[in-house]
Undergrad: 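Below are the structure tokens for one structure; questions will follow.
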There are 2 protein chains.
Amino acid sequence: MATTSASKSSSLSARELRAWRGMLRAHAALTKALDADLEAQHGIPLTSYEVLLLLADAPDHRMRMSDLADAVLLSRSGLTRLVDRMARDGLLERETCDSDARGAYARITPAGLTLLAAARRTHLAGVRARFLDHVAADEQDLLGSCWERVLGDSAEDGVACG
Amino acid sequence: MATTSASKSSSLSARELRAWRGMLRAHAALTKALDADLEAQHGIPLTSYEVLLLLADAPDHRMRMSDLADAVLLSRSGLTRLVDRMARDGLLERETCDSDARGAYARITPAGLTLLAAARRTHLAGVRARFLDHVAADEQDLLGSCWERVLGDSAEDGVACG
DNA sequence: CAGCGCTGGTTGCGCGAACAATCACTCTTG
DNA sequence: CAAGAGTGATTGTTCGCGCAACCAGCGCTG
């Protein structure tokens, strides 16, 4: 089954399996390890870190709840709860939106910024050591283009026809 | 690390971001979509499908609980519960290990094999349509080699040193 | 400006997974 | 062969998440 062509059969080729299951395993291993790093050194899970990162980079250090939910790949309710926990820990605070009384902002606090500054180093070092350092620059470009193709398609609903 | 050298700073380059966050997003989108496919068309989640697949391919159509847990990236207890549910649904059954009375096998049932045969087509089509079709053969090879490098390293504990 | 659909956000609920403790059994070792 | 260390699997508990239901406020329409 040298070429992959005729084998749209009942199983994947070795090459396809390596690419596909490799990604699943790599993702699992990476997120688990990076999450453990943050938890151990700064006491926050990866999701909280990502929220802090987005808020810190956002104008006025704040974002709307919905935008934040989309950005961190969480459901609306999931983000509500996450923000609850982070607010309880003083990492951010809610802020009402004056132009739309329904809306709410999450704004990162000075404490959150301080924690982020430290966590950012940890996380970045982890991402480099565990992932980027194993992938040459041109490979990174290729990966990036693959993701864009994959995401561009999966954004549009399901398998659809065929 | 040619051009990226000096930038081991406090943030990732655009290229690095594209490769890294792209993977996170692609993984999330893919697993979510593939899980939804299976759930909608066959009533089983992705994790159950993977268990069925492994059991079907295993000698005697059975595997030890621990091996299964490792293979599907689940904790021991998580797998125990998953096997509970699948056994309740008749997709597999537990079997005691005669060489070690502590051990247990999970063995796929005829019903499980039947369901798998159908689900396999759905899942394979999904993986191809959503992922593999967007990645050329030589890119798949390159991805595979990247995953091996990443996993080979992360398998050995933490960041550690050499 | 009253009525009504729509949107942003929060809450009730259930599920799936991990961690720690536990049980059952095996394998040493004296 | 009895005692203790080690291993395979299960159970108790907790947690984070998504879905569905909900409430509040916006904005259109007549």
Side-chain angles (χ1 to χ4, degrees), chain A residues 24 27-29 31-40 43-52 55 62-89 91-107, chain B residues 24 27-29 31-40 43-52 55 62-89 91-107:
Chain A
L24 297 181
H27 175 273
T31 54
K32 180 169 171 158
L34 293 169
D35 187 82
D37 285 351
L38 284 173
E39 194 77 59
I44 55 167
L46 186 52
T47 48
S48 294
Y49 170 80
E50 290 183 339
V51 167
L52 291 181
L55 290 181
R62 64 180 194 177
M63 282 180 74
R64 288 292 289 269
M65 296 292 283
S66 289
D67 298 336
L68 204 44
D70 292 342
V72 299
L73 305 175
L74 223 56
S75 70
R76 302 289 196 299
S77 65
L79 185 84
T80 293
R81 305 279 160 82
L82 177 56
V83 166
D84 285 346
R85 295 191 293 272
M86 295 177 70
R88 173 169 45 70
D89 296 345
L91 301 178
L92 54 75
E93 51 197 6
R94 288 170 201 275
E95 194 169 302
T96 59
C97 176
D98 44 355
S99 68
D100 183 344
R102 293 168 301 183
Y105 288 101
R107 152 129 51 185
Chain B
L24 298 182
H27 176 273
T31 53
K32 180 171 169 153
L34 293 169
D35 187 81
D37 285 349
L38 283 173
E39 194 77 58
I44 55 168
L46 185 54
T47 48
S48 294
Y49 170 81
E50 291 183 338
V51 167
L52 291 181
L55 290 181
R62 64 182 194 176
M63 281 179 74
R64 288 292 288 269
M65 296 294 281
S66 289
D67 298 335
L68 204 44
D70 293 343
V72 299
L73 305 176
L74 222 56
S75 71
R76 302 269 141 82
S77 66
L79 184 84
T80 292
R81 304 278 158 81
L82 177 57
V83 165
D84 285 347
R85 297 191 291 272
M86 295 178 69
R88 174 172 43 71
D89 296 343
L91 301 178
L92 53 74
E93 51 197 8
R94 289 172 201 273
E95 193 169 302
T96 60
C97 175
D98 42 358
S99 67
D100 184 342
R102 293 168 302 183
Y105 288 101
R107 154 135 39 191

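In what follows, chains carry the letters A, B, and so on, assigned in the order in which the sequence lines appear, proteins first and then strands, with residues in each chain numbered from 1. Below, all heavy atoms of this structure are taken into account, side chains as well, without hydrogens, waters or symmetry copies.
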Undergrad: Tell me whether the guanidinium CZ or amine NZ of A:Arg94 lies under 6.0 angstrom from the six-membered ring centre of A:Tyr105 and within 45° of its axis.
TA: no
Undergrad: Please evaluate residues A:Leu68 and A:Val51 with respect to the criterion side chain to side chain contact (heavy atoms under 4.5 Å, CB included), reporting the C-alpha separation (whole Å), side-chain torsions for both, the decisive distance (0.1 Å), and the verdict.
TA: CA-CA 7 Å; A:Leu68 204 44; A:Val51 167; 4.1 Å; yes
Undergrad: Between A:Arg85 and A:Ser99, just flag the one whose closest nucleotide in DNA chain D comes earlier from the 5' side.
TA: A:Arg85
Undergrad: Provide, to the nearest angstrom, the distance between the CD atom belonging to B:Glu50 and the P atom belonging to C:dG16.
TA: 15 Å
Undergrad: Got a second to check how far A:Leu38's CG is from A:Leu52's CG, nearest 0.5 Å?
TA: 10.0 Å
Undergrad: Would you call B:Arg76 and B:Asp70 a salt bridge, taking side-chain N to carboxylate O under 4.0 Å as the test?
TA: yes
Undergrad: When rounded to the nearest 0.5 angstrom, what distance separates CG in A:Leu74 from CE in A:Met65?
TA: 10.0 Å
Undergrad: Measure CG/B:Leu82 against C1'/C:dA18 and give the value in whole Å, please.
TA: 14 Å
Undergrad: In Å and rounded to the nearest 0.5 Å, what is the CZ to CZ distance from B:Arg102 to B:Arg64?
TA: 8.0 Å
Undergrad: I need a per-nucleotide contact map over nucleotides 6-14 of chain C, read 5' to 3'. Cutoff is protein heavy atoms under 4.0 Å; write B for the base, S for backbone only, - otherwise.
TA: -BSSBBBB-
Undergrad: Rounded to the nearest Å, what distance is computed from the CG atom of residue B:Asp98 to the C1' atom of nucleotide C:dT26?
TA: 15 Å
Undergrad: If you walk 5' to 3' along DNA chain D, what is the first nucleotide with an atom under 4.0 Å of a heavy atom in chain B, and what is the last?
TA: D:dG6 to D:dT13
Undergrad: For A:Ala104 versus A:Cys97, what's the shortest heavy-atom pair and its separation?
TA: N-CB, 4.4 Å
Undergrad: For the side-chain contact (heavy atoms from CB on, under 4.5 Å) test, which of A:Asp84, A:Val83, A:Leu82 pairs with A:Thr80?
TA: A:Asp84
